[in-house]
Amino acid sequence: MSSEQSAPGASPRAPRPGTQKSSGAVTKKGERAAKEKPATVLPPVGEEEPKSPEEYQCTGVLEIDFAELCTRWGYTDFPKVVNRPRPHPPFVPSASLSEKATLDDPRLSGSCSLNSLESKYVFFRPTIQVELEQEDSKSVKEIYIRGWKVEERILGIFSKCLPPLTQLQAINFWKVGLTDKTLTTFIELLPLCSSTLRKVSLEGNPLPEQSYHKLMALDSTIAHLSLRNNNIDDRGAQLLGQALSTLHSCNRTLVSLNLGFNHIGDEGAGYIADGLRLNRSLLWLSLAHNRIQDKGALKLAEVLRAFELTHTEVVERRRLLLEKGTQERSRSPSSSRHGDSKTDREKSQMVGISNSALVDKTDKTQTTKTPKGLGKKKEKSWELAKKEEKSGSGQSPTQGTPKKEDATKAGKGKVTIPEQKPSRIKGIKIGSREKRSILPESELVVEATEVINPLLEPVEHRDGKVFMPGNKVLLHLNLLRNRITEVGLEGFLATVQYQMQFSKAKSVSKGPVGLLWLSLAKNCFAPQCPAYAIIQELMLPRDPIKAKLREDEAMAFFP
């Protein structure tokens, strides 16, 4: 046994099983620790941490601000800000261009074809076209975005870089893929922009909910709104008509509204007409290229001449008249209070005169008891009175240039400075109180005259019904290419004749005169229709553009 164990070449003793397990466990723990330990990754040299767009301060240059904000938002490829292209002048070939020697070079012809190909592709790249004022990069006047989708992140960038543009006047979006959500974001952006922004054009952006009426809210400052080619139907027209005016609210900032190339029918035209009943700010309306027939045309023609008030409108008119009467009665006690203050002031002046007379009598009887100060004051006042009588203009000798109040008093020539001194102190106090009580009322009166509810306009009572004179503020109405026949023409003929009579009756007084331009061409009637010919004849002298052309032609024939 011992020889076998000590024999050469025998295998060495195997290690203990406990030690093998422990060493294996140690290696496993080390590997696990190495795996769990986070690897420290050093940032590459020359790279900076990404900057947040909120920390960026805009410079007022749209090209720089938009590019920087897009980079901070993580955009690698974004639209460029370029100047809006102008129409090129007509091409006139020259003699140098007719030479074909330069075109023989194949390298030159290849480069020309490559440049033309690149220019074609560049034309389709998304851009933001701007129109500048006097070629100044900080004076962006209008913005045009056409043919690429404006996402909510882009609108967020606009909310940062558009407010510094102090001369921005118009924003034009054509086929930018707006949704109802992005439209709401865009409307929230508008109050942040400059107060000069008055024109908004959203064309080729059909919305499922047709929420375009949000652009015409009561707090909106948009004056010119274009909503062409948006597939607006009668439902959308109803919302727009309610935004124009209702019985208790009215849009007072919108001046022009373009609803051309939509799907508005008779029902929608009736809703627009209902909005025109009590709207007195809209001057320009286009409903061209729609689906309006005779029923809608008659509704539009009806609100432009004397129309009957409904029962709810009559009730609202009576309520407004009662409120107006109570306001006038509440103002009358203030005037009586002012009258009482005037009488009190006159009484105090009379008391002062009687007291001065008593003092004069006592001065005559007791000349030895008068103090020195009173004697000096009397002498000074006597000298001032003499100087005024010599000057004769009522101007104080110490004043070089008289004030407006002094000039009015000088014209009268009856008020002297010694008489003003005791009453001036009291008069200023009383006058300031009067102004404090009168100024708010006068401001209310000015606001009431500027914004008068149309229901308070003069009305006419006929057969137990109340008739309003109609909307005379609308000057331009375009109904080109609809489906109006001779029946609808008769309604507009009656409207034009009524407005002509109304303007002749009130030719002396200033005010709205009614339609100056009416387009009914390309409808479902012959151009030789008698009603259409009469309308054209009546509207011809009212059109200011055609009147100007006739004047120019007359001046050309008779210089």
Side-chain angles (χ1 to χ4, degrees), residues 52-54 56 58 62-63 65-82 84 124-130 140 142-165 168-194 197-233 235-240 242-243 251 253-254 257-263:
S52 63
E54 287 78 11
Y56 179 71
C58 293
L62 183 60
E63 184 177 0
D65 295 338
F66 185 77
E68 180 65 24
L69 288 170
C70 284
T71 304
R72 295 193 178 203
W73 271 101
Y75 283 100
T76 56
D77 188 14
F78 49 85
K80 293 184 179 180
V81 179
V82 297
R84 188 186 180 195
F124 292 103
R125 286 181 61 86
T127 57
I128 299 175
Q129 299 179 3
V130 296
V140 176
E142 295 189 20
I143 293 176
Y144 296 85
I145 296 179
R146 300 182 176 183
W148 55 275
K149 186 176 179 60
V150 175
E151 301 174 350
E152 196 160 358
R153 283 201 301 171
I154 295 292
L155 291 175
I157 294 173
F158 282 154
S159 66
K160 187 80 175 174
C161 62
L162 291 188
L165 304 178
L168 183 61
Q169 300 176 10
I171 297 177
N172 300 269
F173 284 176
W174 183 76
K175 291 189 176 181
V176 297
L178 281 181
T179 62
D180 292 285
K181 185 178 179 181
T182 53
L183 178 63
T184 304
T185 307
F186 175 71
I187 294 171
E188 293 173 354
L189 156 69
L190 294 178
L192 304 176
C193 297
S194 174
L197 178 60
R198 294 299 178 89
K199 181 181 178 182
V200 173
S201 176
L202 303 180
E203 300 180 355
N205 297 284
L207 301 178
E209 298 181 6
Q210 302 193 23
S211 53
Y212 307 101
H213 63 283
K214 295 179 181 179
L215 293 161
M216 300 162 54
L218 295 178
D219 57 347
S220 173
T221 59
I222 299 175
H224 307 280
L225 180 61
S226 179
L227 299 173
R228 296 190 306 172
N229 198 17
N230 288 326
N231 298 340
I232 299 175
D233 56 9
R235 172 59 183 163
Q238 181 181 9
L239 299 173
L240 292 171
Q242 293 173 356
N251 182 288
T253 58
L254 193 64
L257 178 61
N258 194 340
L259 297 175
F261 296 91
N262 283 291
H263 302 159

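Values in this document were obtained by computation on a predicted structure and should not be read as measured data.
Counted within 6.0 Å of NZ on Lys149, heavy atoms from surrounding residues, nucleotides or ligands total more than 12; the atom is thus considered enclosed.
In this structure, the side chains of Gln210 and Ile232 come closer than 4.5 Å at one or more pairs of heavy atoms. A 4.5 Å side-chain heavy-atom check between Thr253 and Thr221 finds every atom pair outside the cut-off. No side-chain heavy atom of Ser194 sits less than 4.5 Å from a side-chain heavy atom of Leu165. The shortest distance between side-chain heavy atoms of Tyr144 and Thr127 does not fall below 4.5 Å. Using a 4.5 Å heavy-atom threshold, the side chains of Ile154 and Trp73 count as separate. Side-chain contact between Trp148 and Ile128 is present, with at least one heavy-atom pair separated by less than 4.5 Å. The side-chain heavy atoms of Asn251 and His213, taken from C-beta on, include no pair separated by under 4.5 Å.
Listed by chain and number, the residues in a ring-ring contact (aromatic ring centres under 6.0 Å, His included) with Phe66 are Phe158 (sequence neighbours excluded). Taking the ring-ring contact (aromatic ring centres under 6.0 Å, His included) definition, one finds that Phe173 meets it with Phe186, sequence neighbours left out.
Contact record, Pro164 with Cys58: CG-CB, 3.7 Å, taken as the closest heavy-atom pair. In plain terms, the two heavy atoms of Cys161 and Leu69 that are nearest each other are CB-CD1, 3.9 Å. Of all non-hydrogen atoms in Lys160 and Tyr56, the two that sit nearest each other are CE-O, 3.1 Å. For Leu189 against Ser159, the heavy-atom pair with the smallest separation is CD1-CA, 3.3 Å. Scanning all heavy atoms of the two residues, the minimum distance from Tyr75 to Arg153 falls at OH-NE, 3.2 Å. Nearest heavy atoms, Asn262 versus Arg228: ND2-CA, 4.1 Å.
For the side chain to side chain contact (heavy atoms under 4.5 Å, CB included) with Asn205, the lone residue among Leu183, Asn230, Asn231, Thr179 that qualifies is Asn230.
Atom CG of Asp65 sits about 11.0 Å away from atom CD1 of Ile157, to the nearest 0.5 Å. Here the straight-line distance linking atom CG of Leu215 with atom CD1 of Ile222 works out to 5.0 Å at 0.5 Å rounding. Atoms NE2 and CD, from His224 and Gln169 in turn, are 10.0 Å apart once rounded to the nearest 0.5 Å. Between the CD atom of Glu152 and the OG1 atom of Thr185 there is a distance of 4.0 Å, given to the nearest 0.5 Å. Note: Glu203 CD to Leu178 CG = 12.0 Å, rounded to the nearest 0.5 Å. For the atom pair Gln129 CD and Glu142 CD, the distance stands at 11.5 Å (nearest 0.5 Å).
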Might you work through the side-chain contact (heavy atoms from CB on, under 4.5 Å) test for Val150 and Thr182, ending with a clear yes or no? CA-CA 8 Å; Val150 175; Thr182 53; over 6 Å; no
Leu239 vs Glu209, side-chain contact (heavy atoms from CB on, under 4.5 Å): CA-CA, chis, key distance, verdict: CA-CA 10 Å; Leu239 299 173; Glu209 298 181 6; over 6 Å; no
For Leu162 and Ile143: C-alpha separation, side-chain torsions, deciding distance, then whether side-chain contact (heavy atoms from CB on, under 4.5 Å) applies. CA-CA 10 Å; Leu162 291 188; Ile143 293 176; 3.5 Å; yes
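Side-chain atoms of Asn258 never come within 3.5 Å of backbone atoms of Ser201 as a donor-acceptor pair (strictly under, hydrogens ignored).
The existence of a salt bridge linking Lys214 and Asp180 is excluded, since no basic side-chain nitrogen approaches an acidic carboxylate oxygen closer than 4.0 Å.
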